[in-house]
Amino acid sequence: MNDSASLTLSALRAAPVLPREFFNRDPVTIARELLGKLLIRRVGRKLLAGRVVEDEAYLGANDPAAHAYTGRTARNAVLFGPPGHAYVYFIYGNHYCFNVSCMPEGYGEGVLFRALEPVFGVEQMALARDLELPDSPHANQLRLISSGPGRLSEAFGITRMRDNAKDLTSAKSDLWLADDGFRPGRIVATPRIGVTKAAERPLRFAIAGNGFVSGRREG
DNA sequence: GAGGAGATCGTCT
DNA sequence: GACGATCTCCTCT
């Protein structure tokens with residue numbers, strides 16, 4: 001385990017927002033470099049934050065598993081837009097999944113956020129997930145907050161109506177990505193979860209040994 | 001702890 | 001009309 005400790009509010013506010021250029025690259029590089037970065041949500045005057053510990057790259061027209069593989073539609077239009085924007089979609093009648101667009105306009109590539117380690121506003125996130133945390137929550141209970149694409153979206157209140165197409169590189173946004181200087185140790189690459197096409201490609205990335213990675217524990 | 005199946009609805013064909 | 005980048009509950013071991 002190399003899970004990072006919770007953050008102070010001043011540390012959160014001091015973390016620089018990731019610039020547009022960060023996302024104007026190929027999603028494999030971005031997926032690797034997003035590990036350890038912070039997803040921050042402003043709710044009224046409060047902040048929620050989670051550290052990215054697991055994500056997946058989707059390679060647009062070169063990737064049969066990607067939503068953009070068959071071309072631009074009303075649903076996936078954000079992926080084909082400028083980099084650094086939120087692509088949120090609804091799946092299985094129950095869940096929202098949260099992605100960020102990558103590459104210049106027209107490519108349809110992106111990164112899916114699969115798991116976060118809660119580091120600020122944990123109680124509010126647990127409330128959003130309808131979880132009850134005891135006074136000294138065990139890691140297994142904290143893990144239920146945001147270890148999975150649907151779970152992290154619920155914890156952060158991310159929906160298609162509210163957040164699709166939102167600019168994640170703007171400090172004026174209520175949802176953005178930031179770098180507080182944390183650097184993960186070893187990164188593992190595995191096949192993506194839940195995909196049936198191009199299922200063998202190692203495009204899922206996670207911080208090795210981190211207890212907040214989704215699915216069965218590994219590393 | 002592991003495995004299976006149901007829930008539930010937007011999107012595309 | 002079929003399917004899906006998931007989660008949770010239930011059963012069995």
Side-chain angles (χ1 to χ4, degrees), chain A residues 23 26-28 30-32 34-35 39 50 52-81 83 85-103 107-118 125-133 138-166 168 188-206 211-219:
Chain A
F23 301 99
D26 77 277
V28 172
I30 294 170
R32 285 181 168 277
L34 273 176
L35 295 176
L39 176 67
V52 182
V53 299
E54 178 187 354
D55 56 19
E56 291 178 350
Y58 285 86
L59 312 183
N62 302 310
D63 183 359
H67 284 181
Y69 181 66
T70 53
R72 181 180 182 135
T73 65
R75 178 202 199 191
N76 65 23
V78 174
L79 283 175
F80 289 87
H85 289 251
Y87 168 49
V88 183
Y89 65 89
F90 188 66
I91 186 101
Y92 295 122
N94 288 300
H95 307 289
Y96 290 100
C97 291
F98 170 56
N99 305 245
V100 59
S101 60
C102 303
M103 297 287 281
Y107 281 81
E109 308 198 7
V111 171
L112 166 72
F113 293 85
R114 282 201 57 89
L116 303 175
E117 174 181 345
M125 286 188 246
L127 203 63
R129 291 268 301 115
D130 204 19
L131 295 170
E132 289 187 23
L133 294 179
H138 186 272
N140 280 344
Q141 285 152 325
L142 286 175
R143 206 171 159 273
L144 292 176
I145 293 177
S146 53
S147 63
R151 289 172 175 171
L152 75 85
S153 295
E154 187 172 27
F156 276 71
I158 293 170
T159 66
R160 181 169 171 88
M161 185 173 294
R162 182 187 298 165
D163 299 304
N164 192 51
K166 189 167 282 181
L168 301 176
V188 293
T190 76
R192 292 169 293 187
I193 292 178
V195 303
T196 54
K197 306 159 198 159
E200 76 291 347
R201 302 177 76 172
L203 294 174
R204 169 178 173 257
F205 303 95
F212 295 89
V213 170
S214 73
R216 293 172 63 180
R217 300 289 292 275
E218 57 181 287

Chemist: Please report the shortest heavy-atom distance between A:Ala68 and A:Asn76, naming the atom on each side.
Modeler: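 In this case the closest contact between A:Ala68 and A:Asn76 is CA-ND2, 3.8 Å.
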Chemist: Flag the pair A:Phe98 / A:Leu168 as yes when at least one side-chain heavy-atom distance between them is below 4.5 Å, and no otherwise.
Modeler: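 Sidechains of A:Leu168 and A:Phe98: in contact.
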Chemist: Reading DNA chain C 5' to 3', which nucleotide is the first, and which the last, to come under 4.0 Å of any heavy atom in chain A?
Modeler: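 The protein-touched segment is C:dG4 to C:dT8.
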Chemist: A:Ser147: which residues meet the side chain to side chain donor-acceptor pair (under 3.5 Å) condition with it, sequence neighbours left out?
Modeler: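 If we apply the side chain to side chain donor-acceptor pair (under 3.5 Å) test to A:Ser147, skipping adjacent residues, the hits are A:Arg151.
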Chemist: With heavy-atom distances below 4.5 Å as the criterion, would you say the side chains of A:Ser101 and A:Tyr87 are in contact?
Modeler: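 A side-chain contact under 4.5 Å is absent here.
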Chemist: With both distances under 3.5 angstrom, what nucleotide forms a Watson-Crick or G-U wobble pair with B:dG10?
Modeler: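 With both distances under 3.5 Å, B:dG10 matches C:dC3.
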Chemist: Check this for me: A:Tyr89, atom OH, are more than 12 non-hydrogen atoms of other residues, nucleotides or ligands nearer than 6.0 Å?
Modeler: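 Buried by this count: over 12 neighbours within 6.0 Å.
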Chemist: For nucleotides 4-13 of chain B, read 5' to 3', which letter fits each nucleotide if B means a protein heavy atom sits under 4.0 Å from the base, S means only the sugar-phosphate is that close, and - means neither?
Modeler: ---BBBSSS-
Chemist: Hey, does the side chain of A:Ser214 reach the backbone of A:Arg114 with a donor-acceptor pair shorter than 3.5 angstrom?
Modeler: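 No.
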Chemist: Answer whether the closest heavy-atom distance between the side chains of A:Phe156 and A:Leu39 falls below 4.5 Å.
Modeler: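 Result yes, sub-4.5 Å side-chain heavy-atom pair found.
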Chemist: When the nearest nucleotide of DNA chain C is assigned to A:Tyr58 and to A:Arg129 on a heavy-atom basis, which residue is associated with the more 5' position?
Modeler: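 Comparing both residues, the 5'-ward one is A:Tyr58.
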Chemist: Is there a Watson-Crick or G-U wobble partner for B:dG3 with both distances under 3.5 Å, and which nucleotide is it?
Modeler: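 Base-paired to C:dC10.
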Chemist: Is there a donor-acceptor pair under 3.5 Å between the side chain of A:Asp63 and the backbone N or O of A:Gly60?
Modeler: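 Judged by distance alone, no pair lies under 3.5 Å.
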